Amino acid sequence: MDDYLSNYVTSISDALRCISITNNMGDSLKSGPALEMWVNTTKSIRDSCGTFFFIGNGASASMAEHMSHDCFQNADMLTQTCSETSHITAIANDLSYEDVFSYRISKTLSEKDMLIAISSSGNSPNVVKAIKTAKELGVFVVTVTGKSADNTARTLGDLNFHVPLDTYGLVESAHAILLHCWLDLFLDKYMGGRH
């Protein structure tokens, strides 16, 4: 038991060092240039008053809301999520649960915006449909996934970050680190530093 925490942290750390990143052509990217591309695209979208739309289910929904707020408060980004109960239950009831993200995306996003899709499995039908809807609109899509390396979402984004971990707790923890790394690099590079 003494080594449990150490092994747990090491698992996350090792996976982040081995993160797999691809572009929309399926080409592998190194982490430094990929993160730089994400941050520079973020700057361009922020400067043109684009919206950063975050989605996820369960714990990933909480992470989406958390990152949406952090980006709004700390980086002056226009952000949006659609995790509110009335939206989810109305769309799920009137259309389908598969439409809870894509319905709003189809009505609010355009080529000046960014979608950040967070999914541990990368196979949630509502996340996959949201990504496809966003791509049809010309939205820049970043996927953040884990579990199976051949999950659906990681073949669909402009930038796809896959953390090679197999359990939800580990994947979700790694996703939190990756998302904060992106925001902190943006703050360090363009906003005078983290606070």
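Numbers here are sequence positions counted from 1. In this text the structure is predicted, and so the values were computed from the model without any measurement.
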Distance (rounded to the nearest 0.5 Å) between [X] [atom1] and [Y] [atom2]:
X	Y	atom1	atom2	result
Ser102	Leu109	OG	CG	11.0 Å
Asn160	Ile131	CG	CD1	8.0 Å
Asp99	Ile91	CG	CD1	7.5 Å
Met77	Asp47	CE	CG	10.0 Å
Thr41	Leu159	OG1	CG	7.0 Å
Met63	Leu178	CE	CG	10.0 Å

Looking at Phe186, I want to see if its CZ is surrounded by more than 12 non-hydrogen atoms of other residues, nucleotides or ligands under 6.0 Å. yes
Please check if the number of heavy atoms outside Lys132 that lie under 6.0 Å from its NZ is greater than 12. no
Show the numbers, then the answer: is there a side-chain contact (heavy atoms from CB on, under 4.5 Å) between Leu137 and Asp113? CA-CA 10 Å; Leu137 297 169; Asp113 304 316; over 6 Å; no
So, the side chain of [X] versus the backbone of [Y]: is there a donor-acceptor pair under 3.5 Å, distance only?
X	Y	answer
Ser6	Asp3	no
Thr133	Lys129	yes
Thr89	Thr85	yes
Lys147	Asp166	yes

Tell me whether the centres of the aromatic rings in Trp38 and Phe161 are closer together than 6.0 Å. yes
Tell me whether [Y] is reachable from [X] by hopping between hydrophobic residues (I, L, V, M, F, W, Y) whose side-chain heavy atoms are closer than 4.5 Å.
X	Y	value
Met37	Val144	yes
Met67	Val142	yes
Met114	Leu78	no
Tyr8	Tyr168	no

Which heavy atom of [X] sits nearest a heavy atom of [Y], and at what distance?
X	Y	value
Ala134	Leu115	CB-CD2, 3.7 Å
Ser124	Ser119	OG-OG, 3.8 Å
His162	Ile19	O-CG1, 3.2 Å
Ser68	Thr79	OG-OG1, 2.9 Å
Ala34	Ile21	CB-CG2, 3.6 Å
Ala15	Leu165	CB-CG, 3.4 Å

Sub-4.5 Å side-chain heavy-atom contact between [X] and [Y]:
X	Y	answer
Thr81	Ile55	no
Leu156	Val128	yes
Leu35	Cys181	yes
Ser13	Arg17	yes
Phe52	Cys71	no

Distance-only criterion, 3.5 Å: show the donor-acceptor pairs between side-chain atoms of residues 170-177 and protein atoms not counting sequence neighbours.
unit_1: Ser173; atom_1: OG; unit_2: Gly169; atom_2: O; d: 2.8
unit_1: His175; atom_1: NE2; unit_2: Thr145; atom_2: O; d: 2.9

Please list all pairs meeting side chain to side chain donor-acceptor pair (under 3.5 Å) that have one or both residues in residues 180-195, counting only residues at least two apart or in different chains. Glu36-Lys189, Asn40-Lys189, Asn40-Tyr190, Thr42-Trp182, His66-His180, Asn74-His195, Asp188-Arg194
Side-chain donor-acceptor pair present, [X], [Y], cut-off under 3.5 Å:
X	Y	result
Asn151	Ser148	no
Arg154	Ser20	yes
Tyr97	Asn57	yes

With sequence neighbours left out, what residues match Asp70 under salt bridge (charged side-chain N to carboxylate O under 4.0 Å, His left out)? none
List the steps, then state whether side-chain contact (heavy atoms from CB on, under 4.5 Å) holds for Ile116 with Leu179. CA-CA 10 Å; Ile116 298 96; Leu179 290 159; 4.0 Å; yes
Passes side-chain contact (heavy atoms from CB on, under 4.5 Å), Ser83 versus Phe54? Steps please. CA-CA 9 Å; Ser83 299; Phe54 295 82; over 6 Å; no
Does the ring of Phe140 carry Lys112 above it, NZ/CZ under 6.0 angstrom from centre and within 45° of its axis? no
Run the side-chain contact (heavy atoms from CB on, under 4.5 Å) check on Val127 and Phe101 step by step: do they pass? CA-CA 7 Å; Val127 171; Phe101 303 132; 4.0 Å; yes
Between the side chains of Glu111 and Lys135, is the shortest nitrogen-to-carboxylate-oxygen separation below 4.0 Å, so that they form an ion pair? no
